[in-house]
Enquirer: 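Can you read through this structure? Questions will come right after.
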Amino acid sequence: HADERSLWFLSSPFSEEAAELLSRVGVAAWKVASGETSNLPLLERLTRDGRPILLSTGLSPLVEIDAAVRLVQSQSRALAVLQCTSAYPCPPEKVGLNLIPFFRDRYGCAVGLSDHSGTIYPGLAAAVVAIEVLEVHVAFSRQMFGPDVPASVTMEEFKQLNQGVRFIERMAEHPIDKDESAKETAPLHMLFTKSVVARMDLKEGTILQTQHLGTKKPGTGLPAARLPELIGRRLRRDVKADERIGAEELEEDR
């Protein structure tokens, strides 16, 4: 069924016998559960057939993770190290988002998150720091029975998570140059910014003071930021209230 749906079938072996069975079934990769990270004989078996290894780290101190990674990398196997906290559900203060870039720098391999929070939030946050793998528990309903249900997302939440991750990936793939972006929005800039205008009817010859001037949309005249430059300048013609004031309305500055 997984093949028909273009999905990778995965199952975590907890013994060498299970590894042999799954090898015959044809799993796409080896997902090593947290309790097996320190099981180096099992890891050695898993590295023999060339499948990628997804290494969960929920129960392991760094010394155990280091040893497991060293074994896998010594066999030149594709590896992803997953930050995982074995709490069901996992509270936000224990998710350990900081460990994702830490593992990437420490091991120079793909990284990911095995999330047990029962929400979509850690997965979305992990996508922002560019994970390669995201694992979550999924339940058809929160009314289901079982120890994993409180740590699971629903199918609808899983759909939202997938959409959110893809959205974040697209954002990350398209960095923005602010100056180029401003060129694209120039018409809106003109519409929503402000120009210097007269607050009241002003006569020719008026020497402009702060109380004479204001700013109003659109920004098609002298920009609001240049209002201070007009203080002390003399008008060369009458100006109506709310009329824009630009260089053509001012006498030459002597």
Side-chain angles (χ1 to χ4, degrees), residues 7-15 18-19 22 27 29-43 46 52-72 79-107 109-169:
L7 299 172
W8 287 3
F9 175 74
L10 298 176
S11 182
S12 296
F14 289 85
S15 66
L22 291 172
V27 291
W30 294 118
K31 166 64 202 306
V32 180
S34 295
E36 302 301 318
T37 297
S38 61
N39 188 346
L40 297 186
L42 177 60
L43 279 177
L46 300 182
I53 292 181
L54 310 175
L55 188 70
S56 195
T57 62
L59 299 174
S60 297
L62 277 176
V63 64
E64 288 184 359
I65 304 171
D66 287 347
V69 170
R70 190 162 50 246
L71 189 157
V72 174
L79 170 68
V81 175
L82 311 185
Q83 162 51 15
C84 172
T85 300
S86 297
Y88 305 86
C90 180
E93 60 270 19
K94 292 186 177 294
V95 169
L97 196 65
N98 63 298
L99 288 170
I100 294 172
F102 172 78
F103 286 152
R104 189 191 303 280
D105 292 342
R106 187 175 183 87
Y107 302 126
C109 66
V111 292
L113 177 68
S114 177
D115 177 36
H116 303 138
S117 70
T119 74
I120 67 173
Y121 309 128
L124 295 176
V128 173
V129 296
I131 55 172
E132 282 82 19
V133 180
L134 175 59
E135 179 188 31
V136 295
H137 291 232
V138 182
F140 290 111
S141 166
R142 296 202 189 283
Q143 280 67 53
M144 292 179 69
F145 174 80
D148 281 350
V149 173
S152 301
V153 297
T154 65
M155 294 301 292
E156 182 58 32
E157 288 170 332
F158 186 61
K159 180 179 178 180
Q160 290 178 324
L161 175 59
N162 181 64
Q163 292 171 337
V165 168
R166 298 293 173 248
F167 195 103
I168 290 166
E169 288 174 341

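Residue indices begin at 1 and follow the sequence shown.
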Enquirer: What distance do Leu62 atom CG and Phe102 atom CZ have between them, rounded to the nearest 0.5 Å?
Expert: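 Going from CG on Leu62 over to CZ on Phe102, the span is 5.0 Å.
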Enquirer: Applying side-chain contact (heavy atoms from CB on, under 4.5 Å), run through Leu161 and Val165 and close with a yes or a no.
Expert: CA-CA 6 Å; Leu161 175 59; Val165 168; 4.1 Å; yes
Enquirer: Scan residues 119-141 for pairs that pass salt bridge (Lys or Arg N to Asp or Glu O under 4.0 Å), counting only residues two or more places apart or in two chains.
Expert: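 Counting only pairs at least two positions apart or across chains, the salt bridge (Lys or Arg N to Asp or Glu O under 4.0 Å) contacts touching residues 119-141 are Lys31-Glu135, Arg104-Glu132.
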Enquirer: For the pair Gln83 (side chain) and Val95 (backbone), establish whether a donor and an acceptor sit closer than 3.5 Å, ignoring hydrogens and angles.
Expert: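 Yes; judged by distance alone, with no hydrogens or angles, the pair exists.
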Enquirer: Taking only residues two or more places apart in sequence or in another chain, which ones pass salt bridge (Lys or Arg N to Asp or Glu O under 4.0 Å) with Glu36?
Expert: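 Once residues adjacent in sequence are excluded, Glu36 has no partner under the salt bridge (Lys or Arg N to Asp or Glu O under 4.0 Å) criterion.
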Enquirer: Is Arg166 paired with Glu169 through a side-chain N to carboxylate O contact shorter than 4.0 Å?
Expert: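 Salt bridge present between Glu169 and Arg166.
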Enquirer: Scan Asp105, Ile100, Leu99 and name whichever one has a side chain to side chain contact (heavy atoms under 4.5 Å, CB included) with Phe103.
Expert: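 Considering Asp105, Ile100, Leu99, a side chain to side chain contact (heavy atoms under 4.5 Å, CB included) with Phe103 is found only for Leu99.
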Enquirer: Might you work through the side-chain contact (heavy atoms from CB on, under 4.5 Å) test for Val133 and Ile131, ending with a clear yes or no?
Expert: CA-CA 6 Å; Val133 180; Ile131 55 172; over 6 Å; no
Enquirer: As an exercise, state the distance from CG of Leu43 to CZ of Arg70, rounded to the nearest 0.5 Å.
Expert: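 One gets 12.0 Å once the value is rounded to the nearest 0.5 Å.
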Enquirer: Nearest 0.5 Å, please: how far is CD1 in Ile65 from OG1 in Thr57?
Expert: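 Here the rounded value is 4.5 Å.
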Enquirer: Between Asp66 and Arg106, is there a side-chain heavy-atom distance shorter than 4.5 Å?
Expert: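 Heavy-atom side-chain distance check passes, below 4.5 Å.
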Enquirer: Hey, does Trp30 have a side-chain heavy atom less than 4.5 Å from the side chain of Pro13?
Expert: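 Counting from C-beta outward, Pro13 and Trp30 do come under 4.5 Å.
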Enquirer: What residue pairs, at least two apart or across chains, pass ring pair (Phe, Tyr, Trp, His ring centres under 6.0 Å) with a residue in residues 126-150?
Expert: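 Every ring pair (Phe, Tyr, Trp, His ring centres under 6.0 Å) pair that includes a residue of residues 126-150, provided the two are not neighbours, is His116-His137.
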Enquirer: Among all residues two or more places apart in sequence or in another chain, which pass the side chain to side chain donor-acceptor pair (under 3.5 Å) test with Asn162?
Expert: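 Here no residue qualifies.
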Enquirer: Taking atom SG of Cys109 and atom CG of Leu55, what is their separation to the nearest 0.5 Å?
Expert: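 Separation between the atoms: 8.5 Å.
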Enquirer: Counting heavy atoms not belonging to Tyr88, are there more than 12 under 6.0 Å from its OH?
Expert: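 Yes, the 6.0 Å shell around OH holds more than 12 heavy atoms from other groups.
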Enquirer: Just to verify, what does Thr154 make a side chain to side chain donor-acceptor pair (under 3.5 Å) with, not counting sequence neighbours?
Expert: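 Residues passing side chain to side chain donor-acceptor pair (under 3.5 Å) with Thr154: Glu157.
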Enquirer: Work out which heavy atom in Ser34 is nearest to a heavy atom in Gly58; give both atom names and the distance.
Expert: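 Result for this residue pair: OG-N, 3.0 Å.
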Enquirer: Nearest 0.5 Å, what's the CG-CG distance between Asp115 and Leu134?
Expert: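 Between Asp115 CG and Leu134 CG, I get 7.0 Å after rounding to 0.5 Å.
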Enquirer: Could you give the side-chain donor-acceptor pairs of residues 119-128 under 3.5 Å, partners two or more places apart or in another chain?
Expert:
from	atom 1	to	atom 2	distance (Å)
Thr119	OG1	Ser117	OG	3.0
Thr119	OG1	Tyr121	N	3.3

Enquirer: I need the minimum non-hydrogen distance between Ala19 and Leu46, along with the two atoms involved.
Expert: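 So the two residues come closest at CB-CD2, 3.8 Å.
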Enquirer: Please give me the minimum heavy-atom distance between Ala87 and Pro91, naming the atom from each residue.
Expert: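 What the structure gives for the nearest pair is CB-CD, 4.4 Å.
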Enquirer: Under the 3.5 angstrom rule, does the side chain of Thr85 hit a backbone N or O of Lys94 as a donor-acceptor pair?
Expert: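 Answer holds: yes.
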